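Below is one structure; the comments refer to it alone.
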4 protein chains.
Amino acid sequence: MFRFEENKCYRMPAHFGGFDCPGPDAALYYRDAVSVSFTYATDKDRLEGQFILVVWENKTAPILGGREETGIPKIYADIEDLHTIKPNYYTTASHEGNTFLRLEMLGAKPVEGQLLADAQASAAKINALGWRYIPKVGSPGADLSQPILYPQSAEIHNSWAGSGTVKWVQLSWEQNPMQWHIIKALAELPMLEMSPAIMAKGIVILKPNNGRVLE
Amino acid sequence: MFRFEENKCYRMPAHFGGFDCPGPDAALYYRDAVSVSFTYATDKDRLEGQFILVVWENKTAPILGGREETGIPKIYADIEDLHTIKPNYYTTASHEGNTFLRLEMLGAKPVEGQLLADAQASAAKINALGWRYIPKVGSPGADLSQPILYPQSAEIHNSWAGSGTVKWVQLSWEQNPMQWHIIKALAELPMLEMSPAIMAKGIVILKPNNGRVLE
Amino acid sequence: MFRFEENKCYRMPAHFGGFDCPGPDAALYYRDAVSVSFTYATDKDRLEGQFILVVWENKTAPILGGREETGIPKIYADIEDLHTIKPNYYTTASHEGNTFLRLEMLGAKPVEGQLLADAQASAAKINALGWRYIPKVGSPGADLSQPILYPQSAEIHNSWAGSGTVKWVQLSWEQNPMQWHIIKALAELPMLEMSPAIMAKGIVILKPNNGRVLE
Amino acid sequence: MFRFEENKCYRMPAHFGGFDCPGPDAALYYRDAVSVSFTYATDKDRLEGQFILVVWENKTAPILGGREETGIPKIYADIEDLHTIKPNYYTTASHEGNTFLRLEMLGAKPVEGQLLADAQASAAKINALGWRYIPKVGSPGADLSQPILYPQSAEIHNSWAGSGTVKWVQLSWEQNPMQWHIIKALAELPMLEMSPAIMAKGIVILKPNNGRVLE
């Protein structure tokens, strides 16, 4: 009969067997990573630190791992590959054919010298803060509700800055029953001041065994 | 600041607010559902009841709900719409372009009379048995590891039977790092006796608040 | 060396060999077809007959066949499966994450009796009118530019009527370089009078050898 | 009423209007292009020059342009983004969930010095040879059947070589009615001698107005 082995790590479905738990230095690399960051000030900033409000991702497996193992609140969206019409870059996020976010970075120019060095230094350690919430079965309340610190890091090889625009499109409940309230909350935040959009190419490094529950 | 409201239900990300918990009779309907069941006897049948080994599904939102709220071990696959070349039906499951399961139902004929009535009766109550497993953060072992009973039901309007074939294709670790061991375990089960493949059209009814942890 | 065989039919790439040409009664069946028709009067109706302005389809092979073999001006879009929240039905068409068309059918009720019989009669023969246009290579003008009559038929088994809404979303050139002008032209047509939306379930029958060039 | 304007270029559907024909130097750039080439000798090499047997592509718009405007025999497949587990690279081509081609490049090492310079020189001009075949409507034979020379070029910025493996999986007619004969023909070619797999990063440049029909 199936038994859990001590010192093994498991994921649901667990009964197909466990695996050797990753050691403290075991790392996953996203090579050839391209990130485009859009940043703006709003007036609801009552949170400190990199508390992750929500992450849309277009692949199920890391969504499951992020939610269940580190409390990163990932949900699904279709995210377009970056469309490049140099020096402009475009992407959209949609869900079942309904666009809810359009991102444009225009007039990208290289970031060099001290600015690049600063970006590299700040990417070297990212203290992502998640909140793992697993509901009770069949009744209100949580079986797990806990803040989790998940340190990550990135090596930036090249970087560009441009002007950024962020366009939210609110959706009706019928269009997106599981996410419309999240999109609505984000779309209603005022954009007080838009920072430059920053594109970075490099490597993202995740150490899955380095997360820990904050007491 | 964000506070959880008592008696509300939440899903990750929880900080965007909760929702009224579904009552005991609240139901979700999958209308126009088409199921095709392939059944075979194997020699490892040490489990009793409808213990769900694994469910591949091609949509992320119900995968998250199934895993986190009812312990149904759902994972992602691309599943083809049923290809119909009457009286034959075909589908495949693949992951990132790698086919791992091919299902064929040949020579479908209507199921009628007492056989249909029996199928309708047995679909009226399905006691799905899941196991919710949420690992500890950053170390071996589980924060939650519990059997869950999740009753479901289906109304069968029409049914057909035909001869079924099930072809597993094993994948390498490189092709599917998260699922290859599950596929390998299922592919290695001997097929001792193949039952007819059964196609059913009707409605699937889920009552999300009816799940409960088994003590 | 490769030679074309007389009396065989070919498709590009032709050098992998031809196939027996379909006879005049050879037919393709789309079984379990569901159509939802949204109809409105506009003020630019200078065309008579079922001249096909454009067809968005979400599968490449019939797009190629439609364009090259019968002059039906098919282009690609992602089209959502019909979302059903009875008695309402929803779908969207998008291209690379950009929604350009949202269709809603609300309050669907069965169409019965004489109305259903009329719909069945009018679907029995549909004279689709296409225009095949194949440009010259490397210079303006056409190598082929010809009107084509492509008779089709459908068997309607069930039908429903409801109120329909059609919402076009114009896209910029950057969002959809190949189609934005088509979407713009259609979006700018006034909707003078909206007819009921009609959903029909049944079978579509194509006889690929029945198309002919109009002189 | 709609009229074709002289000196304009058109694509199906043509009645939405034409566009200024691209001049002889107008160019399309695929920037950030990554190519992986798998080359092997076979015993059926009776063709000289870069005659394009077939191109699988995962986007409809350039498939249409390639077929109708330059005779490149493009057909659709789902092609995975390159999976990178350094120094190995993997991809697959599948159609509706059925894998038909698996490509692996193992042990990639940079190509430098004279070898790189040679690769750059040979990529600077590629004489792609297509065959445009447009069938008659409703009867055997062709309205257009013509060889087309379509010069292309690429700038190679970096290159790597590794050992390559090419695995074809034959499909049944039911699995892929439009392509199974093409896959079968390619899968049955013997692989007499496998050359190194070559990965190249750089820019592909297409000059759509430079194609011409060969007499």
Side-chain angles (χ1 to χ4, degrees), chain B residues 34 36 38 55-60 75-108 162-184 186-187 197 199, chain D residues 34 36 38 55-60 75-108 162-184 186-187 197 199:
Chain B
V34 180
V36 189
F38 295 82
V55 175
W56 277 281
E57 189 159 0
N58 62 358
K59 189 168 162 173
T60 305
I75 55 179
Y76 185 84
D78 291 305
I79 301 171
E80 270 297 300
D81 283 351
L82 209 54
H83 288 219
T84 303
I85 305 174
K86 282 202 172 179
N88 304 329
Y89 298 84
Y90 307 88
T91 190
T92 58
S94 64
H95 192 272
E96 300 184 349
N98 292 303
T99 311
F100 64 85
L101 182 59
R102 172 96 178 141
L103 298 169
E104 303 185 353
M105 175 183 181
L106 304 180
S163 68
T165 60
V166 173
K167 292 179 196 160
W168 292 97
V169 179
Q170 291 204 33
L171 301 182
S172 65
W173 176 85
E174 290 83 359
Q175 286 176 293
N176 196 336
M178 304 298 280
Q179 304 184 350
W180 71 277
H181 66 298
I182 299 171
I183 295 162
K184 177 176 157 66
L186 295 173
M199 181 162 63
Chain D
V34 180
V36 189
F38 295 81
V55 175
W56 278 282
E57 189 159 1
N58 61 358
K59 189 167 165 175
T60 306
I75 56 180
Y76 185 83
D78 291 305
I79 301 171
E80 272 296 301
D81 283 350
L82 208 55
H83 288 219
T84 304
I85 305 175
K86 280 199 172 180
N88 303 330
Y89 298 84
Y90 307 88
T91 192
T92 57
S94 64
H95 192 270
E96 300 183 351
N98 292 303
T99 312
F100 63 85
L101 181 59
R102 171 98 179 141
L103 298 170
E104 302 184 353
M105 175 183 183
L106 304 180
S163 69
T165 61
V166 173
K167 292 178 196 162
W168 292 96
V169 180
Q170 292 204 33
L171 301 181
S172 65
W173 177 84
E174 291 84 357
Q175 288 177 292
N176 196 336
M178 304 298 280
Q179 303 183 353
W180 71 277
H181 66 298
I182 298 171
I183 295 164
K184 179 176 155 65
L186 294 174
M199 180 162 63

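Everything quoted here is computed from the prediction, not taken from an experiment. We name chains A, B, ... by the order of the sequence lines, and we start the count at 1 in each one.
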Spacing of D:Arg102 atom CZ and B:Thr99 atom OG1 [to the nearest 0.5 Å]
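So the gap between those two atoms works out to 11.0 Å.
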
Just verifying a value: how many Å separate D:Asn98 CG and B:Thr91 OG1, rounded to the nearest 0.5 Å?
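Between D:Asn98 CG and B:Thr91 OG1, I get 9.0 Å after rounding to 0.5 Å.
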
Quick one: are B:Ile85 and D:Glu174 in side-chain contact, heavy atoms under 4.5 Å?
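Yes, side chains in contact.
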
Does any backbone or side-chain atom of [X] lie under 4.5 Å from a heavy atom of chain B? Answer side chain, backbone, both or neither.
| X | answer |
| --- | --- |
| D:Glu96 | both |
| D:Glu104 | neither |
| D:Thr92 | side chain |

